[in-house]
2 protein chains.
Amino acid sequence: MPSKPSTPITIDAVYDAPGYLFRRMQQIAVSIFMEECKAFDLTPVQYAALIAIHTHPGIDATRLSAVIAFDRSTLGSVIERLQAKDYIERKPAPEDKRIKLLYLTKSGAAILREIIPAVERAQARMLEPLKPADRKALMGLLEQLVDLNNEASRVPLRAEDALEHLGKGG
Amino acid sequence: MPSKPSTPITIDAVYDAPGYLFRRMQQIAVSIFMEECKAFDLTPVQYAALIAIHTHPGIDATRLSAVIAFDRSTLGSVIERLQAKDYIERKPAPEDKRIKLLYLTKSGAAILREIIPAVERAQARMLEPLKPADRKALMGLLEQLVDLNNEASRVPLRAEDALEHLGKGG
DNA sequence: CCTAGATCGTCAGTATACTGTCAATCAACA
DNA sequence: TGTTGATTGACAGTATACTGACGATCTAGG
């Protein structure tokens with residue numbers, strides 16, 4: 001394509017935009033996840049929250065939002081729904097009356113074990129149309145890009161390591 | 001990685017999942033878009049709808065949803081907001097009382113011209129952390145994947161070509 | 001002790017997304 | 001022509017997302 005003095009407005013201004021592709025791919029990913037996991041009545045977000053609570057028992061909501069990079073406000077209702085389904089429970093923290101500690105219930109631990117094969121099928125299906133080498137290449141580039149753009153997101157990811165010094169000190 | 005008899009539940013079950021990376025990247029993309037375009041009070045979805053209406057004057061809502069692959073229900077409120085901002089207008093179709101034809105207003109055409117540089121800055125910023133060759137590689141793979149997964153999404157993309165025979169025949 | 005600033009969970013408001021449903025309308029066919 | 005089936009826009013209900021604000025609470029400094 002020759003360089004153009006001013007951009008002509010075509011529908012390709014949408015189709016070729018990275019942001020549009022990211023949106024489409026996210027919607028496809030959610031669609032596949034829900035299809036594979038429809039027996040479990042669990043959304044991708046709820047699944048991620050359960051995993052994070054499983055690996056960080058007693059975490060509070062704000063730190064949970066940093067660990068999985070989800071919005072703090074949104075997470076409130078996610079937690080509510082998980083609690084309503086009896087997959088998690090909230091206990092007041094004795095040393096800080098503001099926070100509530102999150103724990104998996106027996107039900108929560110059980111459904112997590114059961115849903116994982118379905119989630120893995122879903123994740124595999126998302127990339128299935130690509131050749132194995134291309135899958136690796138795409139995931140590698142995407143991991144890099146997400147990591148390098150971390151601070152550009154509203155809720156930057158703060159991995160476990162970054163939380164060690166915050167609340168677990170005792 | 002050696003093959004494991006059963007999957008240990010770690011936080012990497014979230015971080016390494018393609019679906020999680022797609023979600024994060026989408027959120028980062030929206031965040032960058034809104035930052036670059038904050039002077040225009042236009043969301044990514046509203047921008048895409050305006051472009052599509054510009055390139056398909058007189059399109060109806062259902063076909064618009066196919067052209068940009070957005071959910072038909074969601075699009076209803078998007079159109080309402082664009083109309084409230086006086087960027088588009090809806091006219092009843094004389095030959096079919098069910099549908100309403102969508103057109104850009106002068107305001108809509110104007111803001112589209114004005115916002116495009118900001119959108120292009122946003123799109124460039126999303127990929128900026130990668131080397132130019134990697135940007136091309138990532139976009140190429142993602143285009144392939146979205147295209148090959150088209151039917152897996154709730155609202156498959158039906159490009160302009162596929163619409164020619166539907167409503168434009170006169 | 002007391003106050004200034006930070007943090008926590010929560011809430012209101014807005015904007016996607018998707019499911020399922022509905023009345024109005026149209027198209028096709030007997 | 002009359003009925004069946006499909007389509008259109010609209011709506012209700014649920015679930016992310018984000019902004020901005022709030023009271024309750026904690027922490028630091030004086």
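Since we're looking at a predicted model, the values are computed, not measured. In what follows, every chain begins at residue 1, and chains take the letters A, B, ... in the order their sequences are listed.
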* To do: Whole angstrom is fine here: how far is it from CG in D60(B) over to C1' in dG9(D)?
  => 10 Å
* To do: Can you tell me the distance, in whole Å, between the CZ atom of R63(A) and the P atom of dC8(C)?
  => 6 Å
* To do: Provide, to the nearest angstrom, the distance between the CZ atom belonging to F22(B) and the C1' atom belonging to dT16(D).
  => 19 Å
* Structure fact -> CD1 of I53(B) to CD1 of I79(B), rounded to nearest 0.5 Å, is 6.0 Å
* Counterpart residues, salt bridge (Lys or Arg N to Asp or Glu O under 4.0 Å), relative to R98(B) (two or more places apart) -> D96(B)
* Examine dG9(C): is either OP1 or OP2 under 4.0 Å from a nitrogen or oxygen in the side chain of T62(A)? Give yes or no. => yes
* In plain terms, say whether E151(A) and R158(A) are close enough for a salt bridge, that is, a side-chain N and a carboxylate O under 4.0 Å apart. => yes
* **Whole-Å distance separating the CZ atom of R72(A) from the P atom of dT16(D)** => 18 Å
* Do S73(B) and dC11(D) have a side chain to base donor-acceptor pair shorter than 3.5 Å? -> yes
* **First encountered from the 5' end of DNA chain C, between L101(A) and V78(B)** => L101(A)
* To do: Mind calculating the distance between CD (E80(A)) and P (dA15(D)) to the nearest angstrom?
  => 11 Å
* Between D71(B) (CG) and dA10(D) (P), how many Å, whole number? -> 14 Å
* Structure fact -> The nucleotide from dT25(C), dT10(C), dA10(D) with an atom nearest the side chain of D96(B) is dT25(C)
* **First of K85(B) and A61(A) reached from the 5' end of DNA chain C, by closest nucleotide** => A61(A)
* Which residues in residues 36-48 of chain B have at least one heavy atom lying under 4.0 Å from any atom of DNA chain C? -> T43(B), V45(B), Q46(B)
* **Phosphate contact (dG9(C) OP1 or OP2) by K97(A) side-chain N/O below 4.0 Å** => no
* N149(B) and R125(A): side-chain donor and acceptor closer than 3.5 Å? -> no
* Asked: When you check the phosphate oxygens OP1 and OP2 of dT16(D), does a side-chain N or O of R81(A) lie under 4.0 Å from one of them?
  -> yes
* Just call it for V30(A): base, sugar-phosphate, or nothing, with non-hydrogen atoms closer than 4.0 Å on any strand. => nothing
* Please give, in whole Å, the distance from dC18(C) P to F70(B) CZ? -> 10 Å
* To do: Check whether any side-chain heavy atom of S153(A) lies under 4.5 Å from a side-chain heavy atom of R24(B), and answer yes or no.
  => yes
* To do: Sequence neighbours left out, what pairs pass side chain to side chain donor-acceptor pair (under 3.5 Å) with at least one residue falling in residues 128-142 of chain A?
  => none
* For dT10(C), does OP1 or OP2 lie under 4.0 Å from any side-chain N or O of R90(A)? -> yes
* Asked: Within this structure, what is the CD1-to-P distance between I99(B) and dT7(D), rounded to whole angstrom?
  -> 14 Å
* Asked: Given side chains that start at C-beta, do those of R90(A) and L101(A) come closer than 4.5 Å, heavy atoms only?
  -> no
* Structure fact -> Among dG9(C), dC26(D), dT7(D), the one nearest any side-chain atom of R98(B) is dT7(D)
* Is the backbone of I51(B) close enough, under 3.5 Å, to the side chain of T55(B) for a donor and an acceptor to pair up by distance? -> yes
